[in-house]
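We name chains A, B, ... by the order of the sequence lines, and we start the count at 1 in each one. Only a predicted model underlies this, so the values are computations on that prediction, with no experimental measurement involved.
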2 protein chains.
Amino acid sequence: MKRNAPTLHDVAKAAGVSTATVSKFLNGAQRFSPAVEATINSVVAQIGYRSNELARSMITGETKTIGVAILDINNPHFTAVVKGANRVAIDAGYTLLFVDTEENQKRELQLLDTLSRRVDGLIISSRMSETDIKTVIDFGKPLVFFGQLETAKLVSICSAGQQGGYMLAQHLVNQGCKNIVYLGFSKSRWDRDRIAGVGECLESHGLSLKAYDAQAPFASEGERLCSLIMLGKDHPDAVICYNDLLAIGFMKEAQSLGFKIPHDVAVAGFDNVPYAEYVSPSLTSVNLQSEGMGELAMKKMLDLLAGRPTEEYTVLDPQLVLRESTSGRKRHA
Amino acid sequence: MKRNAPTLHDVAKAAGVSTATVSKFLNGAQRFSPAVEATINSVVAQIGYRSNELARSMITGETKTIGVAILDINNPHFTAVVKGANRVAIDAGYTLLFVDTEENQKRELQLLDTLSRRVDGLIISSRMSETDIKTVIDFGKPLVFFGQLETAKLVSICSAGQQGGYMLAQHLVNQGCKNIVYLGFSKSRWDRDRIAGVGECLESHGLSLKAYDAQAPFASEGERLCSLIMLGKDHPDAVICYNDLLAIGFMKEAQSLGFKIPHDVAVAGFDNVPYAEYVSPSLTSVNLQSEGMGELAMKKMLDLLAGRPTEEYTVLDPQLVLRESTSGRKRHA
DNA sequence: GTGAAAGCGCTAACAT
DNA sequence: ATGTTAGCGCTTTCAC
């Protein structure tokens with residue numbers, strides 16, 4: 001364990017050449033005589049020289065690193081996004097650095113600030129205001145954002161939540177459901193789209209929609225709100241949740257309360273998290289292509305970095321994934 | 001969107017003072033006359049100056065950032081570790097940077113190398129060889145490792161997997177199970193401990209243990225291996241899985257095959273992931289304190305960074321979390 | 001209190 | 001093919 005790491009200078013001196021030579025050679029910017037190259041190589045190996053990336057980045061202005069800010073690393077939707085982005089980044093020779101912004105929403109801007117200085121670009125999922133987003137834009141780094149902004153104009157990606165909501169509602173109506181409620185999470189940027197789609201569909205069938213609002217998109221909130229939703233007079237025959245986590249919690253509690261799913265109440269969510277398949281009954285969900293969103297975000301980032309043109313606003317298609325919680329039939333293979 | 005960010009120099013010039021003054025003031029290293037301070041403040045606000053952390057870090061040698069390498073961000077165990085570490089880091093004024101090493105095990109060393117150059121310390125969860133770990137140690141950054149190493153001497157943390165295994169086995173024996181198998185994941189550093197604990201307990205009861213090995217610690221592997229385990233002659237009456245994910249997959253498939261859990265076969269796992277509570281039947285698990293591990297790792301890192309003494313090797317106590325998959329009774333509140 | 005000047009470790013013209 | 005020389009933006013003695 002070295003205390004003072006060897007510098008380019010040390011290598012140059014030991015190899016009897018100039019720092020410029022060592023620098024160029026090590027960066028593959030230029031070839032040198034075999035003798036020189038060999039000497040440099042051996043010296044590097046000998047003294048265990050490793051370039052100081054900080055100094056290097058300072059000059060080149062490049063870190064070969066992309067920052068990804070996610071809301072909650074415990075949420076499978078976000079981890080899937082990260083997985084997708086990571087894969088693309090690695091293939092392109094970039095490293096992904098993540099920060100989890102949930103634990104400290106107050107410091108989110110500061111966190112992004114810190115992150116932005118260490119990376120070449122930022123991929124952000126956030127609930128912050130458009131004003132704050134403007135601040136982030138002013139950090140001056142290429143930016144890819146999840147979700148559509150009203151005022152700010154930037155590269156962004158989203159899933160067609162409205163269509164997803166419509167699909168889900170249509171499916172439930174087809175199953176004979178008449179009294180459908182939406183268990184939402186209004187703090188999220190996506191909530192509005194989803195409920196709008198559901199509402200639009202129901203309206204077209206002459207049905208009305210009642211909505212509840214969760215404080216957090218967690219299973220525990222689904223559990224908490226279940227009795228409120230199910231133990232009033234004429235309980236709903238279907239519940240569409242803002243996400244799968246809420247739905248999973250809701251299902252558990254509903255079953256504890258003695259309801260049969262989907263017989264007494266059908267339940268569905270959004271995100272198609274892996275666990276949707278493993279709960280009982282398995283959960284019908286709208287696949288929003290979480291991983292695909294991550295991949296796409298990273299691809300757009302690479303476009304931005306390379307100065308290639310990239311579509312400003314991309315919408316991914318949702319897909320209904322039918323399972324037992326709304327069908328009662330054997331789920332599709 | 002600024003192209004060239006303003007520098008300390010710009011601030012100094014605009015404020016009519018020297019760069020040294022601005023630097024010292026902004027870092028709170030020294031007080032100046034009210035007039036000067038006010039001018040600097042207003043100039044900074046005006047031109048939107050932000051310190052270049054790269055340049056700063058280059059000199060101070062500090063980044064106020066800790067790198068965390070995790071095996072798979074999709075695994076709830078690891079995300080919990082991250083959550084715990086993140087909380088402690090933020091409270092101490094540090095930022096956490098994560099990398100997911102799964103996608104590219106071949107490049108893991110390189111990834112850690114890249115990461116190590118940008119952070120003050122490294123917290124690592126890895127399956128790499130002790131030789132490779134030596135290389136990481138030579139990066140010269142403070143290091144906290146999850147898991148005990150045989151040769152390398154470094155600050156590390158682990159859960160008492162052996163005790164956890166013993167507890168689980170004892171519990172199943174108490175429930176009357178006689179034919180217990182272990183569905184392991186031998187590539188993991190923890191697998192050996194867990195099976196050892198299980199084996200030790202069974203041996204003390206004159207029972208033998210059969211073991212299977214998964215290729216990955218995922219639910220899909222649990223599903224895949226289920227028929228192999230359950231459809232031979234005299235199937236086991238209890239299956240202890242390396243982790244909850246395997247157990248969840250196994251349970252789903254076992255139920256598809258017509259087995260009742262825990263009546264026909266009891267199932268248990270390790271990690272106590274959030275979803276263990278939401279599957280049916282709910283899954284008995286050994287709580288390894290994932291979040292606590294993350295917190296502790298970060299605390300040790302802070303000790304290291306501050307030059308405080310810290311226990312070299314810490315073992316966290318496991319706790320059996322009893323649920324329906326092994327008890328048949330109503331689960332504990 | 002305030003500033004001049006010397007670097008941190010590296011890259012990038014521009015020589016030679 | 002190799003070296004010289006400026007910095008990058010910042011901190012930090014050490015003067016005044």
Given protein heavy atoms under 4.0 Å, the one-letter contact record of nucleotides 11-16 of chain C, with B base, S sugar-phosphate only and - none, is simply BBB---
Face-on cation placement of A/R50 at B/F139 ring, 6.0 Å and 45° thresholds |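 Geometry flag: set, cation within 6.0 Å and 45°.
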Donor-acceptor under 3.5 Å (A/D120 side chain, A/T63 main chain) |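 Yes: the side chain of A/D120 pairs with the backbone of A/T63.
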Determine whether more than 12 heavy atoms belonging to other residues, nucleotides or ligands lie under 6.0 Å from atom CZ of A/R127.
->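 Buried by this count: over 12 neighbours within 6.0 Å.
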Crowded around B/E37 CD? As in, over 12 foreign heavy atoms under 6.0 Å?
->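 More than 12 heavy atoms, drawn from other residues, nucleotides or ligands, come within 6.0 Å of this atom.
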Would you say the side-chain atoms of A/S156 and A/Q148 include a donor-acceptor pair closer than 3.5 Å?
->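 No pair is found: no donor N or O on one side chain lies under 3.5 Å from an acceptor on the other.
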Under 3.5 Å, is there a donor-acceptor pair between the A/K64 and A/T95 side chains?
->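 No - no donor-acceptor pair under 3.5 Å links their side chains.
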Roughly, in whole Å, what's the span from [atom1] in [X] to [atom2] in [N]?
X     : N      : atom1 : atom2 : result
B/F25 : C/dG3  : CZ    : P     : 14 Å
B/E62 : D/dT12 : CD    : P     : 10 Å
A/E37 : D/dA1  : CD    : P     : 10 Å
B/I47 : D/dG9  : CD1   : P     : 13 Å
B/H9  : D/dG9  : NE2   : P     : 10 Å
B/L54 : D/dT11 : CG    : P     : 12 Å
A/R50 : C/dC10 : CZ    : C1'   : 15 Å
A/N52 : D/dC8  : CG    : P     : 18 Å

Under 4.0 Å: is that the gap between some side-chain N or O of B/S18 and OP1 or OP2 of C/dG3?
->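 Affirmative; the distance criterion is met.
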Nearest-nucleotide pick for B/V17, side chain only, options being C/dG3, D/dC8, D/dT4 |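 So the nucleotide nearest the side chain must be C/dG3.
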